[in-house]
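Counting convention: from 1, in listed order, for ligands and their atoms alike. Basis for what follows: all heavy atoms, side chains included, without hydrogens, waters or symmetry-related copies.
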Amino acid sequence: MAKRIGVLLSGRGSNFEALADSVAAGRIPGAEIAVVISNREGAPGIDKAKERKIAARVIPSKGLEREAYDRQVVAVLNEHKVDLVCLAGYMRLLSPFFVASFPNRILNIHPSLLPSFPGLESQRQALEYGVKFAGCTVHFVDENLDAGPIVLQATVPVRDDDTEESLSTRILAEEHRIYTEAVRIVLEGKYKIVGRQVIRTN
Ligand code: GRF
């Protein structure tokens, strides 16, 4: 049975596309993207899912209390028999209810070397801080913002003349690469979680 991925997004959807390309190319063996869900109407990622003939749903979050909203999302994920949830530019914190519904089965991609620069505009935070290396992180998701055990990270050098845009572009290429790799590792089950450490096995 194929492992079914559910993608949650709020915007552009380039990480979703990278995962979809990887699934199509066999880089994540035995996986399929079962559904893409957005909390925002008009998220470009939803149109991209439809173009690829992948089930796509908008579930507007506006005005709803966190858990009440998450119950709707979890119901749709269950309807599509999702095994692994991938957050890909999903601009919401998950409720304890959501996290408990998919224990160690939710991943997020973040454009910094966590625990540095969590939250919004991480690339700008990195530039303003003056770090020499930036990067991205794929981690398991808990109730806290950009926390949870780290599956993979990748670094990119920061150049003296970098702008937020040029740095973001360089990081994004690495995001697309390590998200695929992390999903493959997790779906193959070739890891164990010890404390905060994700340790690869064979
Ligand atoms: C990415 O930089 C991701 O790391 C962050 O939000 C951005 C989403 O980009 N969480 P996209 O929608 O995947 O293109």
Side-chain angles (χ1 to χ4, degrees), residues 5-24 27-28 31 33 35-52 54 56-61 73 84-94 98-99 102 106-129 131 133-158 162-186:
I5 299 170
V7 177
L8 304 193
L9 53 77
S10 303
R12 182 176 58 182
S14 75
N15 276 287
F16 152 62
E17 289 203 285
L19 289 177
D21 285 346
S22 291
V23 166
R27 289 190 292 269
I28 310 177
I33 298 186
V35 64
V36 177
I37 301 172
S38 171
N39 64 315
R40 288 200 186 142
E41 308 265 9
I46 286 291
D47 296 329
K48 291 171 178 167
K50 287 180 182 162
E51 280 161 23
R52 289 168 184 263
I54 294 173
R57 291 276 284 270
V58 176
I59 308 176
S61 53
V73 175
L84 179 70
V85 180
C86 291
L87 309 187
Y90 185 60
M91 307 301 281
R92 289 180 60 84
L93 266 182
L94 303 189
F98 195 142
V99 174
F102 290 91
I106 310 170
L107 294 175
N108 182 42
I109 177 88
H110 182 75
S112 79
L113 295 171
L114 290 171
S116 292
F117 315 127
L120 296 175
E121 300 187 329
S122 307
Q123 302 92 333
R124 184 208 292 248
Q125 291 184 56
L127 279 179
E128 285 175 354
Y129 199 92
V131 295
F133 286 91
C136 50
T137 304
V138 180
H139 62 92
F140 285 103
V141 172
D142 59 22
E143 301 86 16
N144 301 311
L145 179 66
D146 299 327
I150 291 171
V151 183
L152 287 176
Q153 291 186 306
T155 57
V156 305
V158 179
D162 260 332
T163 61
E164 195 178 345
E165 198 191 349
S166 64
L167 180 59
S168 299
T169 303
R170 197 172 316 120
I171 293 172
L172 194 63
E174 290 300 294
E175 292 185 35
H176 295 164
R177 184 179 66 78
I178 68 168
Y179 213 174
T180 288
E181 204 181 329
V183 168
R184 185 175 49 73
I185 291 166
V186 169

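In this structure, the protein non-hydrogen atom closest to atom 4 (O) of ligand 1 is Glu175 OE1, 2.7 Å. Of all protein heavy atoms, the one closest to atom 11 (P) of ligand 1 is Ser14 N, 3.4 Å.
The closest donor-acceptor contact from the side chain of Thr155 to the backbone of Phe133 lies at 3.5 Å or more, if one exists at all. Listed for the Thr180 side chain is no donor-acceptor partner under 3.5 Å among the backbone atoms of Ser22.
When Ala88, Pro111, Ser10 are checked for heavy-atom proximity to atom 5 (C) of ligand 1, Pro111 turns out nearest.
Within ligand 1, counting atoms from 1 as listed, the ones closer than 4.0 Å to a heavy atom of Arg12 are 9 (O), 11 (P), 12 (O), 14 (O). Those atoms of ligand 1 with a heavy atom of Gly89 less than 4.0 angstrom away are 6 (O), 8 (C), 10 (N). Within ligand 1, counting atoms from 1 as listed, the ones closer than 4.0 Å to a heavy atom of Gly13 are 11 (P), 12 (O), 13 (O), 14 (O).
Side-chain contact annotation: Ser112 with Ser122, donor-acceptor N/O pair under 3.5 Å absent.
For ligand 1, none of its N or O atoms has an N or O atom of Gln123 under 3.5 Å away.
Within the model, atoms CD1 of Ile178 and CD1 of Ile109 stand 4.5 Å from one another, a figure rounded to the nearest 0.5 Å. How far CD of Glu175 is from OG1 of Thr137: 9.5 Å, rounded to the nearest 0.5 Å.
Asp146 pairs in a side chain to side chain contact (heavy atoms under 4.5 Å, CB included) with only one of the listed residues (Val141, Asn108, Leu93), which is Asn108.
Using a non-hydrogen distance threshold of 4.0 Å, Ile109 registers as a contact of ligand 1.
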